[in-house]
Protein chains: 2
Amino acid sequence: MISFTEENYLKIIYKLSAETDHEISTNSVAELTQTKAASVTDMLRKLSEKQLVSYQKYQGVRLTEKGENLALIVIRKHRLWEVFLVNKLGFNWDEVHEIAEELEHINSEELVQRLDEFLGFPQCDPHGDPIPDRNGRMPELGYKNLSEIGETQVVIMMGVSQHSTNFLQYLAKIGLNLGVIIEVIEINDFDKSLTIKIGGDNQYFISYEVAKNILVKTF
Amino acid sequence: MISFTEENYLKIIYKLSAETDHEISTNSVAELTQTKAASVTDMLRKLSEKQLVSYQKYQGVRLTEKGENLALIVIRKHRLWEVFLVNKLGFNWDEVHEIAEELEHINSEELVQRLDEFLGFPQCDPHGDPIPDRNGRMPELGYKNLSEIGETQVVIMMGVSQHSTNFLQYLAKIGLNLGVIIEVIEINDFDKSLTIKIGGDNQYFISYEVAKNILVKTF
DNA sequence: ATATTTTTTTAGATTAGTCTAAAATTTATT
DNA sequence: AATAAATTTTAGACTAATCTAAAAAAATAT
């Protein structure tokens, strides 16, 4: 059996792995699990014994196939529950992350399958993140980060890759909601910050950091 | 904060309290929590420090008002999730107990309120057990145990007070489903076992033990 | 290439929840 | 009322997950 805590480590290692093809460092895991590096080291040894990660001390960690499958199951559950909370219970997209962090650990394959069906087999969650299917396959949605879009291009906002309440409320404030049309007016060479026009209307200045966390679809 | 485990103890003490107005014994709690008496003693001391139970050693335990409120919140969540699983996801009533045992510990008052609304503020769960409202008040459904019904009386089956898969599948086998009409044909003086007619049709012989766990409504 | 800084690991301790075995207390029996 | 039986508690130990402080290794800077 795999514990609540172990599942969390796997999920976090998975997320970090998505951004690099290097081994993942102990410290970066510690930051996301909100623990200390020493605790991470202990857990990595344990996960390694269970063959869920490959880990050599001082060399960082990566998921094995078995570990990745488990991580994908947790992510699938998280995202399906988010869809449930928003589409069925009427929560806002910036209110559901915490609750889904708990729901993602409920153990019942039957439940997940039925939930998926009840929700109409959604392809992505309320933040635009793809939902793995029952076999762990991620649908290819082809979204890009707003930071990769060139000047004068027009795109549609499809999601975010950062889910903190803070960030989502900032977006809501400047009118960056799912589905709005964004035109990149100008990119600042120096710090890669950009000026955008939202919904063909208001102009806003946003940092590279923000742009990197906004998912868009080109026409 | 109250832990998963503490919540379970409170829920179990609540259930035992419903059957008696005596203090609850350490052993009976141990049986339902699937732990040993020694572990229960430790936990009772801890719950007592938190003022969730009143407990004197060797004298058994009872819930304080604060403890009872928490127990009712857990029971409310358990029963609402069971309604969700059966009414929305299409599970059978004998498949939902285990899953609800996990879901009942999800922490979010907002979630429970919205779920309640989504389900149409149900009065009882799929086993006929009443669902406490947001203030912990149990609706008075006025059901009786089949074991209290006299000969020749006719009643409707409204629920069960025992949720093991075994028991529920036994009921399903002899046709004792929610809503069926039961006529008490004869009560055996010796062991209080009874002969009943189900749906005006088949006669069955059931033990006192079984009858005690069947909830019925009189006309 | 060496020294310094940063990262990671080890060692040893802590907390929650559990256990077994033995001691204490209560309840039941004669 | 004394003894036997059953129940409950204490004492001491274990596991999972965490921590701090110190040691070891790797990365960086001079």
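Every heavy atom of this structure was used, including side-chain atoms; hydrogens, water molecules and symmetry mates were not. Lettering of chains follows the sequences in order, A, B, ..., and the numbering in each one begins at 1.
If you measure from atom CG of A:Leu44 to atom C1' of D:dT18, you get 14 Å, rounded to the nearest angstrom. Atoms CD (B:Gln34) and P (C:dC19) sit 10 Å apart, rounded to a whole Å. Straight-line distance from the OH atom of B:Tyr58 to the P atom of C:dA23: 13 Å, rounded to whole Å. In this structure, the CD atom of B:Gln56 is 15 Å from the P atom of D:dT8, given to the nearest Å. The separation between A:Asn8 atom CG and D:dT18 atom P is 9 Å, rounded to whole Å.
For A:Lys50, the side chain to side chain donor-acceptor pair (under 3.5 Å) test picks out A:Glu6, with sequence neighbours left out. A:Ser39 meets the side chain to side chain donor-acceptor pair (under 3.5 Å) test with no other residue; sequence neighbours excluded. Among residues two or more places apart in sequence or in another chain, the side chain to side chain donor-acceptor pair (under 3.5 Å) test is passed with A:Ser17 by none. Remark: A:Asp116 engages A:Arg76 in a side chain to side chain donor-acceptor pair (under 3.5 Å) (not counting sequence neighbours). Checked against side chain to side chain contact (heavy atoms under 4.5 Å, CB included), B:Gln162 has the following partners two or more places apart in sequence or in another chain: B:Ser164, B:Phe167, B:Asn213.
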List every contact pair, protein side and nucleotides 10-16 of chain C side both N or O, where the distance is under 3.5 Å.
{"residue": "C:dT10", "atom": "OP1", "partner": "A:Lys57", "partner atom": "NZ", "Å": "2.5"}
{"residue": "C:dT10", "atom": "OP2", "partner": "A:Arg45", "partner atom": "NH2", "Å": "2.6"}

Using distance only, find each side-chain donor-acceptor pair of residues 118-136 of chain B under 3.5 Å and give its atom names and separation, not counting sequence neighbours.
{"residue": "B:Asp125", "atom": "OD1", "partner": "B:His127", "partner atom": "N", "Å": "2.6"}
{"residue": "B:Asp125", "atom": "OD1", "partner": "B:Gly128", "partner atom": "N", "Å": "3.1"}
{"residue": "B:Asp125", "atom": "OD1", "partner": "B:Asp129", "partner atom": "N", "Å": "3.1"}
{"residue": "B:His127", "atom": "ND1", "partner": "B:Glu82", "partner atom": "OE1", "Å": "2.9"}
{"residue": "B:His127", "atom": "NE2", "partner": "B:Trp93", "partner atom": "O", "Å": "2.9"}
{"residue": "B:Asp129", "atom": "OD2", "partner": "B:His163", "partner atom": "NE2", "Å": "2.6"}
{"residue": "B:Asp133", "atom": "OD1", "partner": "B:Asn135", "partner atom": "N", "Å": "2.7"}
{"residue": "B:Asp133", "atom": "OD1", "partner": "B:Gly136", "partner atom": "N", "Å": "3.1"}
{"residue": "B:Asp133", "atom": "OD1", "partner": "B:Arg137", "partner atom": "N", "Å": "3.0"}

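Distances shown here put a side-chain N or O of B:Tyr9 below 4.0 Å from the OP1 or OP2 atom of C:dT18. A close approach under 4.0 Å does not occur between any side-chain nitrogen or oxygen of A:Lys36 and OP1 or OP2 of D:dT18. In this model, the phosphate group of D:dA25 is not approached by any side-chain N or O of A:Gln59 to a distance below 4.0 Å at OP1 or OP2. Put simply, A:Asn27 has a side-chain N or O that comes within less than 4.0 Å of OP1 or OP2 on C:dT8.
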B:Ser147 vs B:Asn145, test: side-chain hydrogen bond (donor to acceptor under 3.5 Å, both in side chains). Steps then yes/no.
CA-CA 5 Å; B:Ser147 55; B:Asn145 295 329; 4.5 Å; no
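Residue contacts for A:Phe4: at a heavy-atom cut-off of 4.0 Å it reaches no nucleic acid atom on any strand shown.
Residues from residues 14-22 of chain B that place a heavy atom under 4.0 Å from any atom of DNA chain D: there are none.
The pair B:Lys212-B:Glu209 meets the salt-bridge criterion, since a charged nitrogen lies less than 4.0 angstrom from a carboxylate oxygen.
Within the structure, every pair that satisfies the side-chain hydrogen bond (donor to acceptor under 3.5 Å, both in side chains) test and touches residues 51-71 of chain B, not counting sequence neighbours, is listed here: B:Glu23-B:Arg62.
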